[in-house]
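By convention in this document, chain letters (A, B, ...) are assigned in the order of the sequence lines, proteins followed by strands, and residues within each chain are numbered from 1.
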2 protein chains.
Amino acid sequence: MEHYREKGFKLTPQRIAIMKFLEGNKNHPSAEDIYQDVRKTFPTMSFATVYNNLETLREKGHISSLSIDPERRRYDPDTSCHHHLICLKCKMVVDVYADFKVHVPDEQKTSFEVLGSHIEFYGTCPECKKEEGI
Amino acid sequence: MEHYREKGFKLTPQRIAIMKFLEGNKNHPSAEDIYQDVRKTFPTMSFATVYNNLETLREKGHISSLSIDPERRRYDPDTSCHHHLICLKCKMVVDVYADFKVHVPDEQKTSFEVLGSHIEFYGTCPECKKEEGI
DNA sequence: GTTACTGCAAAGCTTTTGCATCCCT
DNA sequence: AGGGATGCAAAAGCTTTGCAGTAAC
């Protein structure tokens, strides 16, 4: 945690709590999820603080924000290259680690500078599939 | 247009205007874009009507909704399998037609039923790249 | 002492909903 | 005639912003 120390970046207790919650978190939480958890320790925590911190952490490259869930933004502390699989029913998101060799056709690439890519798989998770059978 | 006729689906002038605007549209418009255009012909048009129609058209499989732009939902009349390239600056979206062979690793596939996938490429469009040089 | 952060409230946007009226079929 | 669609207003979410007070550095 200490290695996050840098100029113009203060390690406030609230920020540390948010970073601790995110660290290694595989649930791709929303701002609400983060707020609800950190509020247990900091009852005065506000959404403004959550959003401010998420934006700051994203700017610094410590987390990335996902638009895979159309209903709300999700956050991912894993900034390494990977993809996502979302359940269309419960919106659960799981990581997909695989180095897919995808690239846009050359004629588009020449005019449009491609900086990256992300694959979203969608379907039905095990729990929701079980419910379907009922 | 007439071939959209079916039971429980009325061809109102407003709906036809929305469908005409979308037909062959490659701009991946938002509800606002659609509203602003159709309002020229139907000054009484409301957002409720736009959203109602988009949802109905989506249910019937005539259009698809995209979550590639984190700021607002975009709509695409092209429901064939293709992918998208978005400009991080101006949020312009262009189609990428290519049949990428991507699939989740088998161990995930067995528990999670994968129904489809979508690739989003992101980068800088020609216009925005030009501005960068200034 | 500076500078950045917190927390509250208010506002901003996008999208949804309730409901009376309307009109396509 | 009947059932879906329209349009208005209000509400509901999610996210951002302004600002005064506070705390990290």
Side-chain angles (χ1 to χ4, degrees), chain A residues 1-21 28-60 62-75 91, chain B residues 1-22 28-60 62-75 91 93:
Chain A
M1 195 59 63
E2 283 302 306
H3 61 83
Y4 282 115
R5 220 174 269 289
E6 66 173 289
K7 197 170 181 304
F9 183 75
K10 293 179 177 171
L11 287 176
T12 64
Q14 292 88 338
R15 172 166 292 170
I16 291 169
I18 291 171
M19 293 197 295
K20 278 227 173 78
F21 177 71
H28 311 83
S30 63
E32 173 83 33
D33 297 331
I34 297 163
Y35 172 72
Q36 291 303 344
D37 182 275
V38 180
R39 205 158 70 103
K40 293 178 201 158
T41 322
F42 295 91
T44 60
M45 167 73 54
S46 74
F47 267 107
T49 298
V50 173
Y51 280 110
N52 284 341
N53 274 288
L54 289 170
E55 178 54 17
T56 302
L57 291 169
R58 198 195 54 73
E59 272 175 9
K60 299 200 178 291
H62 296 317
I63 65 173
S64 55
S65 81
L66 309 178
S67 62
I68 188 174
D69 182 348
E71 288 163 29
R72 58 187 60 75
R73 215 164 288 170
R74 304 282 207 103
Y75 296 88
K91 311 298 176 186
Chain B
M1 195 58 63
E2 283 301 306
H3 62 83
Y4 283 116
R5 219 175 270 289
E6 65 172 289
K7 198 171 180 303
F9 183 75
K10 291 181 179 169
L11 288 176
T12 65
Q14 292 89 338
R15 171 166 292 168
I16 291 169
I18 291 171
M19 293 197 295
K20 277 227 172 80
F21 177 71
L22 286 172
H28 310 83
S30 64
E32 173 84 32
D33 296 332
I34 297 164
Y35 172 72
Q36 291 302 344
D37 183 275
V38 180
R39 206 158 69 102
K40 292 178 202 158
T41 322
F42 295 92
T44 60
M45 168 72 55
S46 74
F47 267 107
T49 298
V50 173
Y51 280 110
N52 284 340
N53 275 287
L54 289 170
E55 178 53 16
T56 302
L57 291 169
R58 197 194 55 73
E59 272 175 8
K60 298 200 179 291
H62 296 317
I63 65 174
S64 55
S65 82
L66 310 177
S67 62
I68 187 173
D69 181 348
E71 288 163 28
R72 59 186 58 75
R73 214 164 287 169
R74 304 282 207 102
Y75 296 88
K91 311 298 175 185
V93 176

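Looking at B/L11 and B/F9, their side chains come closer than 4.5 Å, going by heavy atoms from C-beta outward. By the 4.5 Å heavy-atom criterion applied to side chains, A/R74 and A/K91 are counted as neighbours.
The listed nucleotides are D/dG7, D/dA5, D/dC25; the one nearest the side chain of B/R15 is D/dA5. For A/E32, whose side chain is taken as the heavy atoms from C-beta onward, the closest listed nucleotide among C/dT3, D/dC14, D/dA5 is D/dC14. Of all nucleotides listed (C/dC23, C/dA9, C/dT6), C/dC23 comes nearest to the side chain of B/K10. Residue B/Y51 places its side chain closer to C/dT15 than to any other of C/dC5, C/dT15, C/dG7. Closest to the side chain of B/R72, from the set D/dC14, C/dT14, C/dG7, is C/dT14. With distances taken from any side-chain atom of B/R73 to the nucleotides D/dT16, D/dG7, C/dT15, the minimum falls on C/dT15.
Toward the 5' end of DNA chain C, the nearer of the two residues A/P43 and B/S30, judged by each one's closest nucleotide, is A/P43.
Rounded to whole Å, atom P of C/dA4 lies 16 Å from atom CG of A/L57. Rounded to an integer number of Å, the gap from CG of B/D33 to C1' of C/dT14 is 13 Å. In this structure, B/F42 places its CZ atom 12 Å from P of C/dC23, rounding to the nearest Å. Protein atom NZ of B/K91 is 16 Å distant from nucleotide atom P of C/dC13, rounded to whole Å. Following rounding to the nearest Å, A/L11 (CG) and D/dC25 (P) show an atom-to-atom distance of 5 Å. Rounding to whole angstrom units, CG of residue A/L54 and C1' of C/dC5 are separated by 14 Å. Between B/N52 atom CG and C/dT17 atom P the separation is 10 Å, expressed in whole Å. What separates CD of A/E59 from P of D/dT16 is a distance of 11 Å, to the nearest Å.
Using a 4.0 Å heavy-atom criterion, one finds that B/N53 contacts the sugar-phosphate atoms exclusively. At the heavy-atom level, B/P13 lies under 4.0 Å from the strands shown only through sugar-phosphate atoms. Contact annotation for B/T12: backbone-only contact, meaning every heavy-atom pair under 4.0 Å involves sugar-phosphate atoms and none involves a base. Residue contacts shown for A/E71 are limited to sugar-phosphate atoms, with no base heavy atom under 4.0 Å away. Here A/T44 lies in heavy-atom contact (under 4.0 Å) with sugar-phosphate atoms only.
To the nearest 0.5 Å, atom CG of residue B/L22 and atom NE2 of residue B/H62 are 12.0 Å apart. Rounding to the nearest 0.5 angstrom, the gap separating the CD1 atom in B/I34 from the OH atom in B/Y75 is 7.0 Å.
In this structure a side-chain-to-backbone donor-acceptor pair under 3.5 Å is present from A/R15 to A/K10.
Here A/R72 does not pair with A/E32 in a salt bridge; the nearest charged N to carboxylate O distance is not below 4.0 Å.
Between B/T49 and the phosphate of D/dG7, there is a side-chain N or O to OP1/OP2 separation shorter than 4.0 Å. Close to D/dG7, at under 4.0 Å from its OP1 or OP2, lies a side-chain N or O of B/Q14.
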